[in-house]
Amino acid sequence: MTLKGILTLTALAVGTATLLSGCASPSGYKQADKTGAGIAEFRDEIVNGKKAIDATMKSLSDIAATANTDPRKPYEQFAKNVANLESTATKIRKRAQDMQAQGQAYFKQWETELATVDNAEIRGLAEQRKAKLQETFESIRKYSDPLKTQFDPWMSDLKDLQKYLSNDLTIAGVDAAKNQFKKTTSSGMEVQKAMDALVAEANTIAATITPAKVQSK
């Protein structure tokens with residue numbers, strides 16, 4: 001083959017590769033699946049948070065129940081549970097940040113691809129769907145923000161109560177704090193209700209933005 005023939009074939013090969021790479025783009029639904037997975041991970045951490053609250057409230061109740069005998073072990077368990085709850089809250093915040101980042105990447109990719117759609121009718125339909133799904137995704141803040149407003153001061157009170165008990169586990173000391181026990185438990189239950197609402201909303205959002213996938217039996 002002549003040099004001219006080789007150069008011609010090389011040019012054709014390069015041109016074909018360029019054309020094919022220009023036509024290909026990452027599937028948006030894969031980014032949607034990734035976003036949905038992030039929401040599911042966030043939801044799971046919220047569920048773990050509920051369990052951590054249950055354990056913390058139980059150990060607090062055990063302190064009251066053993067005040068007349070020996071509240072030392074229940075207190076130590078309570079202290080561990082408070083630390084675990086705080087750690088779980090940190091994980092929840094991290095998952096929330098990751099979820100938001102994944103959602104932003106998904107909608108940014110969608111916006112970029114919309115600019116390449118030539119058919120005005122199809123582009124208009126896609127823009128409507130994107131706006132609807134983005135609104136649905138952002139609706140999670142309607143539940144996560146109120147939860148944070150409830151959780152942060154409650155967690156602060158819980159840590160203060162732990163400090164109080166760490167210095168006074170006497171019968172009189174525990175008895176004097178019983179109203180705080182009741183208040184903390186009641187507020188904890190309200191926090192859990194807010195968590196339930198957030199979990200339900202997270203499930204709805206994940207199902208809305210991701211394609212159906214029925215597990216095979």
Side-chain angles (χ1 to χ4, degrees), residues 25-60 77-113 129-163 184-215:
S25 62
S27 296
Y29 78 83
K30 292 182 180 179
Q31 186 65 47
D33 282 340
K34 186 176 181 180
T35 302
I39 294 172
E41 291 171 353
F42 173 66
R43 175 204 61 206
D44 291 345
E45 289 295 351
I46 293 293
V47 172
N48 289 337
K50 278 195 65 183
K51 293 177 180 177
I53 291 176
D54 281 337
T56 303
M57 294 301 93
K58 181 182 183 305
S59 57
L60 183 61
Q77 186 60 53
F78 173 66
K80 289 179 182 178
N81 289 338
V82 170
N84 178 61
L85 178 56
E86 191 168 25
S87 175
T88 301
T90 299
K91 292 178 182 177
I92 290 173
R93 285 191 286 270
K94 178 63 168 60
R95 288 296 186 191
Q97 292 171 355
D98 292 343
M99 177 186 66
Q100 287 294 329
Q102 288 164 349
Q104 290 172 3
Y106 169 45
F107 291 112
K108 183 178 180 180
Q109 176 181 315
W110 196 347
E111 183 71 29
T112 300
E113 291 190 354
R129 288 297 301 155
K130 173 182 172 294
K132 178 64 176 177
L133 293 184
Q134 193 163 8
E135 181 182 0
T136 299
F137 178 78
E138 293 297 335
S139 70
I140 201 167
R141 296 183 65 90
K142 296 178 183 178
Y143 297 85
S144 61
D145 288 350
L147 173 58
K148 185 178 186 302
T149 299
Q150 286 180 281
F151 180 84
D152 288 351
W154 176 75
M155 186 71 208
S156 178
D157 289 346
L158 193 65
K159 291 166 67 176
D160 286 346
L161 184 57
Q162 179 201 340
K163 293 173 185 176
T184 300
T185 300
S186 177
S187 297
M189 292 175 66
E190 291 302 313
V191 169
Q192 287 184 314
K193 288 180 182 179
M195 285 179 161
D196 285 336
L198 180 55
V199 166
E201 183 66 9
N203 286 334
T204 299
I205 294 172
T208 301
I209 70 172
T210 56
K213 186 177 181 180
V214 178
Q215 297 293 334

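Keep in mind it's a predicted model, so treat the numbers as computed, not measured.
- Under the salt bridge (charged side-chain N to carboxylate O under 4.0 Å, His left out) criterion, no residue pair touches residues 99-108, with sequence neighbours excluded.
- The distance from the CD atom of Gln134 to the OG atom of Ser139 is 11.5 Å, given to the nearest 0.5 Å.
- Applying the side-chain hydrogen bond (donor to acceptor under 3.5 Å, both in side chains) rule to Glu138 yields no partners; only residues at least two apart in sequence or on another chain are considered.
- Here the options are Asp44, Val47, Thr204, the test is side chain to side chain contact (heavy atoms under 4.5 Å, CB included), and the partner is Val199; only Val47 passes.
- Going from atom CD of Glu113 over to atom CD of Gln31 covers 10.0 Å, rounded to the nearest 0.5 Å.
- With sequence neighbours excluded, no residue forms a salt bridge (Lys or Arg N to Asp or Glu O under 4.0 Å) with Lys91.
- Summarising the geometry, atom NZ belonging to Lys94 is positioned 12.0 Å from atom CE belonging to Met99; distances are rounded to the nearest 0.5 Å.
- Put simply, the side chain of Gln102 does not reach to within 4.5 Å of the side chain of Ile39, judged on heavy atoms.
- Using a 4.5 Å cut-off on side-chain heavy atoms (C-beta onward), Gln100 and Phe137 make contact.
- Here Leu147 contributes atom CG and Leu198 contributes atom CG; the two are 6.0 Å apart, rounded to the nearest 0.5 Å.
- Residues forming a side chain to side chain contact (heavy atoms under 4.5 Å, CB included) with Glu190 (at least two apart in sequence, or on another chain): Gln150, Lys193.
- The side-chain heavy atoms of Glu41 and Asp98, taken from C-beta on, include no pair separated by under 4.5 Å.
- Scanning all heavy atoms of the two residues, the minimum distance from Arg129 to Trp110 falls at C-CH2, 3.8 Å.
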Review item, side-chain donor-acceptor pairs of residues 77-85, under 3.5 Å, at least two apart:
| residue | atom | partner | partner atom | Å |
| --- | --- | --- | --- | --- |
| Gln77 | NE2 | Asn81 | OD1 | 3.0 |
| Asn81 | ND2 | Ala55 | O | 3.1 |
| Asn81 | ND2 | Ser59 | OG | 3.1 |
| Asn81 | ND2 | Gln77 | O | 3.3 |

Stepwise side-chain contact (heavy atoms from CB on, under 4.5 Å) test for Asp54 and Gln192
CA-CA 9 Å; Asp54 281 337; Gln192 287 184 314; 2.8 Å; yes
Side-chain donor-acceptor pairs of residues 154-161 under 3.5 Å, sequence neighbours excluded:
| residue | atom | partner | partner atom | Å |
| --- | --- | --- | --- | --- |
| Trp154 | NE1 | Thr184 | O | 2.9 |
| Lys159 | NZ | Glu86 | OE2 | 2.8 |

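- The shortest non-hydrogen separation linking Ala206 to Gly36 is CB-O, 4.3 Å.
- Between Arg43 and Ala202 the shortest heavy-atom distance is CB-CB, 4.1 Å.
- Side-chain contact between Leu133 and Tyr106 is present, with heavy atoms from C-beta onward closer than 4.5 Å.
- A 6.0 Å sphere centred on OH of Tyr143 holds no more than 12 heavy atoms belonging to other residues, nucleotides or ligands.
- Atom CD of Gln162 sits about 10.5 Å away from atom CG of Leu60, to the nearest 0.5 Å.
- Thr136 contributes atom OG1, which lies 8.0 Å from atom CD of Glu201 (distance to the nearest 0.5 angstrom).
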Under the side chain to side chain donor-acceptor pair (under 3.5 Å) criterion, do Glu45 and Thr88 qualify, and how do the steps go?
CA-CA 7 Å; Glu45 289 295 351; Thr88 301; 5.8 Å; no
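- Among all heavy-atom pairs drawn from Pro211 and Asp33, the shortest one is CD-OD1, 3.4 Å.
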Begin with the C-alpha distance, continue with both residues' side-chain angles, and end with the deciding distance and a verdict on side-chain contact (heavy atoms from CB on, under 4.5 Å) for Met189 and Ile53.
CA-CA 9 Å; Met189 292 175 66; Ile53 291 176; over 6 Å; no
